[in-house]
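Heavy atoms only: backbone and side chains are in, while hydrogens, waters and symmetry mates are out.
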Amino acid sequence: MSLLEIFDPKAPPKPIGIDLGTTNSLVAVVKNERPLAIRDCDGAAILPSVVHYGPRGEVVVGESAKRVAAEHPRETIVSVKRYMGRGADDPETKRLGPYSFDTPKDGEPNVVRFRVGSRAVTPVEVSAEILRALKRLAEDELRSVGGAVITVPAYFDDAQRQATKDAGRLAGLEVLRLLNEPTAAALAYGLEKKQNGTFAVYDLGGGTFDVTILVLEDGVFQVKSTGGDSALGGDDMDRALAEEMLRGLGRAPASVTPGEVRLLLDMARQVKHALTEAEVVDFESPLPPSGDGATSLSVTRPRFDELVQPLLAKTGLACRRALKDAGTRPEELDGVILVGGSTRVPAVRAYVAKLFGKEPLADIDPDHVVALGAAIQADLLAGQGQTEEVLLLDVIPLSLGIEVGGGVVDRILPRNTTTPAAARATYTTQEDRQTGFEIHVLQGEREMAADCRSLARFTLRGIPPMPAGLARLEVTFRVDADGLLAVHAREERTGIEQTVEVKPSYGLDDDTVEQMLLDAIDHGEEDLAARKLAETRVEAGRVAASTRKSVAADSALLAPGEEATIDAALAALDVAIAGTDASRIQLRLDDLDAATKDFAGRRMNRAIAEAIAGHKLDEIERTVEHAKGIEKAHEDKPLPPPPMSR
């Protein structure tokens, strides 16, 4: 006999935590100081992340949608999380799958649109349907739902995070915070065990992989480093098995219909699950064979382990880099926490144990732990519960900066900076009479803008015409607790300012994040050389232009033969600038400095004599201070002018 829960109509709405997963999703709440997964009337806590769009506009979510996926493969969206924040031309949209996509028209944002019957839906809309179903489930249990904490992979970029937040708002949820999945898992694990130390969180879900190195110390969760792949998970294991089945059937992937693809992937998932317990799985293929192919197929666990080994090796690269970034060796870890349904695969657990040199901790359900941590964080943010106070310190996965003169990247917030974070830098103009700044926001680890990912561009106009180097632009980057970036630019002399929330139209493709870091290592020396060349060229061009302007303005101060010497030094500098040797440019700059030294001295003496004539000592001191300010402005890095700025 079960007891009835008494409902208090005056009680405030309960905050919830949501694990919006690739394969399955959950919603949890803190009750009596403990996080619990909310279950439906059948006692199931897990909601399949599957959405079916019917011919009359009806939308079905969860297990019912999953059952009709094979019959209606194009109208039933599975694993939509892998498409969040992605472009229509991303590789993920072209992989083995039954979907039909609309091609963006001219002027339309480059986002994925699934064609489902007579309508097109975006991943944000599909995810919103899953979140609505979770919200209804929570309302059935709690009567009234407050704000929600929604978890995201740690390696989700700005576009993917923004898409997730938009889906939450579309579902009618007040999104309190986006929380990184590994941090949520550690939060649930750390509070449950009351254990301090340094941990690795290995999170392999249906469609994403994250690894996070963090320190748990007396309620403070500080992330030291993070890594991963936003397009790697159990779905890829299913695809590898499905391709193995096709080989057994003697059929080519091109011969498979969308409905057969869904049947094949569903069977592959069933076989994968069965291999968790069994050494061999015999089954009948749902597809007819071709030629000498057989319908009775068999897969052994060793063969499956062999198929998934390349996928596990990719996770290993990310883990080793995360350890290096954190300055931690595997033997210094106090434990490895497993998160995500794909960590149930024996090959995964064996690989993790070998990689870190210790058996992983998995005594909290890896399918539930992320949602439980999200519920704890929601309870803390809402200030309703008596849960032990904690502080979460996440990090930025990739460096953020802007393009400066010569196409060089100036990093403002380096990767693995603790969030929330803010930093500012000051810049100046590159050309005389420049009346605006083009601010190009970038993400990545390379030295040159062309090698990094462009997040946004905007222009700050209305700057009064001034000589190059006099304007002072202060650029501030702020990354909030959700990992979303805002950029504020202000010209200090005029007070003109602008703030932009960076919302790129789509996210990184499958391998971009991984490749960014690898390229930064592989091309480190040549990147630094390219940066030095670009910066030296910009400085040399500025000095040459200033020198020519001074010679033209004060030719009367030139000594006999001095102009010819300066012209020769300028010509040699122009030749060096056109070349690719930064050292040679610097040598020619030194030659020009020597050639203009006496001329510059005479100009300075004349300027001082004119400045002090008829003035008092205190006025002269103020003039000197102003000159120091101008000199400091020349030390700021120049930004290129915007198109048509003059």
Checking salt bridge (Lys or Arg N to Asp or Glu O under 4.0 Å) for the pair Lys81/Glu181: CA distance, chi angles, key distance, verdict? CA-CA 14 Å; Lys81 186 174 179 178; Glu181 290 166 1; 2.6 Å; yes
Name all residues meeting the ring pair (Phe, Tyr, Trp, His ring centres under 6.0 Å) criterion together with Phe209; count only those two or more places apart in sequence or in a different chain, and write none if there are none. Tyr202
Rounded to the nearest 0.5 Å, how far apart are CG of Leu400 and CD1 of Ile402? 11.5 Å
Crowding at NZ, Lys272 (>12 non-hydrogen neighbours, <6.0 Å): yes
I'd like to check Val369 versus Asp19 (side-chain heavy atoms, cut-off strictly below 4.5 Å). Are they in contact? no
Please identify each residue that fulfils side chain to side chain contact (heavy atoms under 4.5 Å, CB included) with Ala422, with sequence neighbours left out. Arg478
Under 4.5 Å between any side-chain heavy atoms of His440 and Leu442, yes or no? yes
Are any of the side-chain nitrogens in Arg411 or Glu447 under 4.0 Å away from the carboxylate oxygens of its partner? yes
So salt bridge (charged side-chain N to carboxylate O under 4.0 Å, His left out) across residues 253-268, not counting sequence neighbours, yields Arg251-Glu260, Arg262-Asp266
Salt bridge (Lys or Arg N to Asp or Glu O under 4.0 Å), that's the test. Do Arg82 and Asp236 meet it? Break it down for me. CA-CA 11 Å; Arg82 300 191 74 155; Asp236 299 284; 3.0 Å; yes
Got a sec, which residues hit side chain to side chain contact (heavy atoms under 4.5 Å, CB included) with Gln270, two or more places apart in sequence or on another chain? Met267
Distance check, rounded to the nearest 0.5 Å: Thr208 atom OG1 versus Asp203 atom CG? 6.0 Å
Please identify each residue that fulfils side chain to side chain donor-acceptor pair (under 3.5 Å) with Arg74, with sequence neighbours left out. none
What's the spacing between Asp235 CG and Ser79 OG if we round to 0.5 Å? 3.5 Å
Quick one: does Ser342's side chain have a donor or acceptor within less than 3.5 Å of a partner on Gly234's backbone? yes
With distance as the sole test, does Ser64 use its side chain to make a donor-acceptor pair with the main-chain N or O of Val60 at under 3.5 Å? no
Mark yes or no for whether Ser225, through its side chain, and Asp325, through its backbone, hold a donor-acceptor pair below 3.5 Å. no
Whether Asn180 side chain and Pro182 backbone form a donor-acceptor pair below 3.5 Å: no
Treating Ser127 as the side-chain partner and Val124 as the backbone partner, does any N or O pair qualify as donor plus acceptor under 3.5 Å? no
Any residue meeting side chain to side chain donor-acceptor pair (under 3.5 Å) with Arg115, in chain and number order, not counting sequence neighbours: Asp102
Can you tell me how far CG of Leu275 sits from CZ of Arg344, rounded to the nearest 0.5 angstrom? 15.5 Å
Taking the side chain from Tyr99 and the backbone from Val78, do they hold a donor-acceptor pair closer than 3.5 Å? yes
Under the salt bridge (charged side-chain N to carboxylate O under 4.0 Å, His left out) rule, what pairs show up with a residue in residues 122-131, not counting sequence neighbours? Glu129-Arg132
Residue set satisfying salt bridge (Lys or Arg N to Asp or Glu O under 4.0 Å) with Arg303, at least two apart, ordered chain then number -> Glu244, Glu306
Mind checking what makes ring pair (Phe, Tyr, Trp, His ring centres under 6.0 Å) contact with His72, not counting sequence neighbours? His52
Passing option when Leu246 is tested against Ser255, Pro253, Ser285 for side-chain contact (heavy atoms from CB on, under 4.5 Å): Pro253
My understanding is that only residues two or more places apart in sequence, or in another chain, count here; which of them pass side chain to side chain contact (heavy atoms under 4.5 Å, CB included) with Thr164? Leu20, Met84, Ile150, Val152, Phe156, Leu178
Starting from the C-alpha separation in whole Å, work towards a yes-or-no answer on side chain to side chain donor-acceptor pair (under 3.5 Å) for Ser49 and Ser25. CA-CA 6 Å; Ser49 301; Ser25 297; 2.8 Å; yes
Any side-chain to backbone donor/acceptor pair from Asp42 onto Ala44? Under 3.5 Å, distance only. no
When the ring centroid of Tyr53 is compared with that of Phe114, is the distance short of 6.0 Å? no
Qualifying residues under side chain to side chain contact (heavy atoms under 4.5 Å, CB included), relative to Ala133, sequence neighbours excluded: Leu47, Val61, Arg136
Which residues share a salt bridge (Lys or Arg N to Asp or Glu O under 4.0 Å) with Lys165, sequence neighbours left out: Asp482
